[in-house]
Structure formats: C-alpha cells, structure tokens
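In what follows, a single structure is set out as structure tokens and then discussed.
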Amino acid sequence: MSNTLRLGVNIDHVATIRNARGGVHPDPVHAAKLAEKAGADGITAHLREDRRHISDGDIERLMDSLELPLNLEMAATDEMLMIALRHGPHAACIVPEKREERTTEGGLDVAGGFKALEPVVKALKDKGIRVSLFVEPDPKQLEASAKLGADIVELHTGRYCELEGDDRANELKRIIDAAQSTDDLGLECHAGHGLTFDTVMPVAAIPNVMELNIGHFLIGEAIFSGLDSAIRRMRSLMDKARTDARGERSA
Ligand code: PXP
C-alpha cells in the first residue's frame with residue numbers, strides 16, 4: 001500500500017461568492033489553477049440540482065482547461081448521469097442531495113438504495129469514470145459499496161469534525177475501523193467534509209486513506225491568508241501527519 005496522500009481541493013464556494021453578485025468574479029476555474037500550483041492533486045466540484053454554486057459552464061471550462069483530474073460530485077439522478085457521461089471526468093463521487101440542505105448532510109444510503117444506484121454505477125464505469133460513493137463509516141454501507149462495484153468510498157468526516165471530546169474520539173475510531181476494512185473489500189478509501197487545520201491530522205494519519213477532499217475551510221481561510229497559503233499549510237499538515245504516523249508504526 002502506497003503512503004501517498006492526495007489532496008483534492010473543492011472549489012464550490014468560490015462559485016458561491018461569485019454567484020452572490022451574479023458576475024464572473026471570483027472564477028472557480030482560476031481558483032482550480034491556483035490550487036494546482038499550491039500542491040493540490042485534484043479538483044472537486046459539486047454540480048447541484050439547484051446550481052447554487054458550480055454551474056454547467058464551470059464544469060465545461062474545468063474539463064477543457066484543467067491539468068489535474070476532476071472529481072465530479074453528483075446526485076444519482078438521470079440529469080447528472082447524462083452530464084457526467086457527456087464530460088467524462090476522472091471520477092464521479094455520488095452523494096445524497098436534498099434541495100433544502102446547506103451542505104451534504106449524511107452519507108449515501110448505498111445498502112437501502114442499491115437497486116437504484118446499480119445502473120448509475122454501471123453506466124459511469126462503462127464510460128471509464130472511476131466511481132466513488134460518499135458514505136458514513138458504517139460497515140453495512142461499505143459492504144454494499146463493494147458489492148455494487150464502486151472503485152472508491154469517501155468516508156464522511158462531517159460528524160467527526162462537529163463533535164468534541166470523547167464523542168469525536170469515538171467517531172474517529174469508527175472512521176479508522178472503516179478505513180481499515182476497505183483493503184479487504186477491494187475499495188480505495190478517501191475521506192472528507194468539514195476538515196480544517198485543527199481536524200485534518202488524525203484523519204490524514206490513517207494509512208489506508210489515499211485522498212482527502214477539502215473545500216469550505218480552505219476557501220474561507222483564503223480570505224485571510226490567500227488560497228495558495230491555505231492550501232500549502234493544509235498540504236504540509238497532511239504530510240506531517242502521514243510522516244509522523246509512519247514513524248510511529250515503524251518505531
Ligand atoms: N466530500 C464530499 C463528498 C462533499 O460533498 C464535500 C462538500 O461538498 C466535501 C468533501 C468537502 O467538504 P468541505 O467543503 O466541508 O470541506
């Protein structure tokens with residue numbers, strides 16, 4: 001197992017700020033290019049049904065101009081499937097989506113929605129798009145994801161980030177256990193949601209986790225220190241966590 005940990009930068013909230021005024025500034029594609037220079041390994045964008053941040057045009061421009069792989073977050077709807085198949089991003093991460101939610105709340109119910117997800121996963125895979133499923137660190141969901149033929153599971157770190165003290169430690173343990181089980185299930189393990197400078201290291205230290213997807217905090221932090229600096233600092237915390245964990249394991 002390689003110990004490389006990739007950073008996927010989610011640029012949705014650059015588009016949120018742009019859309020607040022309805023113009024073209026700040027441009028999420030420009031942010032994606034800056035992210036690449038700052039050390040991002042991939043770009044993530046969520047095309048929501050209500051287009052509240054990223055637009056169809058953004059996806060088109062990202063596909064045309066990005067050197068980095070694009071991870072398209074999408075709901076498992078016919079409309080989003082058509083868009084993904086048309087653009088052929090490197091990966092598609094299927095997320096649950098409710099119109100009234102502020103952000104993706106909770107993971108995808110892969111076990112409960114197995115039949116409906118089956119044709120979506122198959123169509124994406126047939127097109128050569130890597131399929132990721134955004135799930136809670138729950139064995140039932142991981143087993144269903146493997147059975148469905150997903151390539152990747154992205155573990156939802158939102159609860160871990162929101163909780164404190166023992167509750168946070170317990171949630172971290174669930175994430176560690178889930179990540180460990182992905183090897184046997186033949187799934188690549190990613191993680192993300194709500195991660196900050198304060199919460200990233202324990203997740204980055206989990207050896208099975210291959211990629212973290214981080215957005216809101218980085219874009220918010222960019223207001224104070226700039227996007228380049230925010231991404232570089234996150235990258236260095238991730239790398240430090242990984243190096244420290246490797247040292248502890250071999251000691
Ligand atoms: N991963 C997934 C599947 C998400 O839906 C999101 C939010 O769009 C993220 C990661 C990034 O979360 P945050 O913006 O809180 O860093």
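Both counts, for ligands and for their atoms, begin at 1 and track the order of listing.
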One finds that the ligand 1 atoms under 4.0 Å from a non-hydrogen atom of Val95 are 3 (C)
Number the atoms of ligand 1 from 1 as they appear, then name those within less than 4.0 Å of a heavy atom of Asn213, with their elements.
10 (C), 11 (C)
Option passing side-chain contact (heavy atoms from CB on, under 4.5 Å) with Gln141 (candidates Leu133, Val135, Val153, Leu108)
Val135
Please say whether more than 12 non-hydrogen atoms of neighbouring residues, nucleotides or ligands are located less than 6.0 Å from CG in Asp166.
no
Examine Glu73 against ligand 1 and note whether any of their N/O atoms are separated by less than 3.5 Å.
yes
So for ligand 1, is His216 a polar contact partner (N or O within less than 3.5 Å, distance only)?
yes
Is ligand 1 under 4.0 Å from a heavy atom in the side chain of His156, in the backbone, in both, or in neither?
neither
My understanding is that only one of Asp12, Asn10, Asn213 makes a side-chain hydrogen bond (donor to acceptor under 3.5 Å, both in side chains) with Thr44; could you say which?
Asn213
When you compare the side chains of Asp58 and Ser55, does any donor N or O come within less than 3.5 Å of an acceptor on the partner?
yes
Check the orientation of His156 and Phe134. Use parallel for under 30°, tilted for 30 to 60°, and perpendicular for over 60°.
parallel
Would you mind telling me if ligand 1 is within reach of the side chain of Glu154, the backbone, both or neither, using heavy atoms under 4.0 Å?
side chain
So do the side chains of Met63 and Pro89 get within less than 4.5 Å of each other, counting heavy atoms only?
yes
With a cut-off of 4.0 Å, which atoms of ligand 1 are near a heavy atom of Ile214?
16 (O)
For the 3.5 Å polar cut-off, considering only N or O atoms, please tell me whether Gly215 and ligand 1 meet it.
yes
For His193, counting its heavy atoms only, list the atoms of ligand 1 lying under 4.0 Å from any of them.
4 (C), 6 (C), 7 (C), 10 (C), 12 (O), 15 (O)
Could you tell me, atom by atom, which parts of ligand 1 come under 4.0 Å of a heavy atom of Gly194?
12 (O), 13 (P), 15 (O), 16 (O)
Closest non-hydrogen atom pair between Leu142 and Leu185, with its separation:
CB-CD1, 3.7 Å
